[in-house]
Amino acid sequence: MVKFWKFVRSFRQLELHRLILMLMVFSLVSMCLLAYYVTNSPKIKEALPLPISDCNNQHRVSQPPRRHTPILDSSRTDPMVLIFAESIYSQLIQEIVTILESSRFKYRTEIAPGKGDVPTLTEKGRGRFALIVYENILKYVNLDAWNRELLDKYCVEYGVGIIGFFKANENSLLSAQLKGFPLYLHSNLGLKDYHINPNAPLLYVTRANQVEQGPLPGDDWTIFQSNHSTYEPVLLASTKSAEYIPHLSTHKALHATVIQDLGLHDGIQRVFFGNTLNFWLHKLIFVDAIAYLTGKRLCLSLDRYLLVDIDDIFVGKEGTRMKVLDVKVSNRAARSIVELLVQRIYTQLCIYIYIYIYNIIYLSSPLSL
């Protein structure tokens, strides 16, 4: 009898070992199948940038320009941006590249030539670039005569615009004229109260008549001054103190920190920034400048989508889960969002349905108790 129970016990241990082994084999097979499914399943591809027709058909009321400007026709160029950089590792270049890559715009980066040759701009009678961006606008204005004439001729013939940045430093002149342009620069200023000029033709994503109250970060801003009709201010600000530029006007006057060249001077449209893209509003103007100077060939739709991820509300650790009061606050916030979208009936219905289902699920959940 004792031998029989020993046999039964050893048989049970053997069966247990077999069961564990089977579970391990089943787990390995399941992991292999899951890995195979994940790697071979069709992936959702991101939507490509919208074509020019979608950009032009956006329902956005824009201010008509006050002056006749040359019509930009960059249809004979490839939709690519040429970036002239002082260093490909600079923060400004990284921000420019990030914006272009996130918008899925093609670009090419070159070290800005001093007296060397610029890259080949045409191929088989077609322009290779639809827009030119200079990290330092001084690299453009100080080009040797041959390359400057070559670049300007390309821009005029193929309808290509130029975006340039000027970042002041301790060695920058406080006041100087931009070489070859009826435009004066006043640098190393502290500014406040940012305004958007509603008459600027390039505005697309940026909303006009908006004001950013308060001081702007840093004291290294540059403002532009000109009496020529080709220049239209885009962003304006007032100085923190009248002592900086007393010969211009009082500190309450508005001065242009981003200016648009309408092309009335030499047939080339340009946009000049008096600082980098560190300030958030400059990023919007940069996107608008790309769209405007490329004739809306490089632009994105004005439609935006809001994604709400609520799974952590129910499975999050204790202390991070929403309570009834949080749901009510979210309800009020969602309703105010709906009021801002009165022209989007479909969006309103979706948000109301979401609120209704959200309240039913959460208020009936044991987590709310």
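Heavy-atom basis, side chains included; hydrogens, waters and symmetry copies ignored.
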- Query: Just checking, any donor-acceptor pair under 3.5 angstrom between side chains of Tyr184 and Asn227?
  - Reply: no
**Prompt:** Judged by modelled atom types alone, do Glu232 and Asn199 share a side-chain donor-acceptor pair under 3.5 Å?
**Reply:**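 Note: Glu232 and Asn199 side chains miss the donor-acceptor criterion.
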Any donor and acceptor pair, going by atom type alone, linking the side chain of [X] with main-chain N or O of [Y] inside 3.5 Å?
| X | Y | result |
| --- | --- | --- |
| Ser103 | Phe105 | no |
| His255 | Gln225 | no |
| Arg270 | Ile163 | no |
| Asp193 | Gln213 | no |
| Asp288 | Leu203 | no |
| Ser90 | Ser87 | yes |
| Tyr154 | Phe129 | yes |
| Arg128 | Leu82 | no |
| Gln260 | Thr230 | no |

For this session: Take the angle between the ring planes of Tyr194 and Trp221 and call it parallel below 30°, perpendicular above 60°, tilted in between.
Result: perpendicular
Do [X] and [Y] have side chains that get closer than 4.5 Å, going by heavy atoms?
| X | Y | value |
| --- | --- | --- |
| Arg126 | Asp78 | yes |
| Gln91 | Asn278 | yes |
| Leu235 | Ile196 | yes |

Between Gln177 and Pro182, the two heavy atoms sitting closest are NE2-CA, 4.1 Å
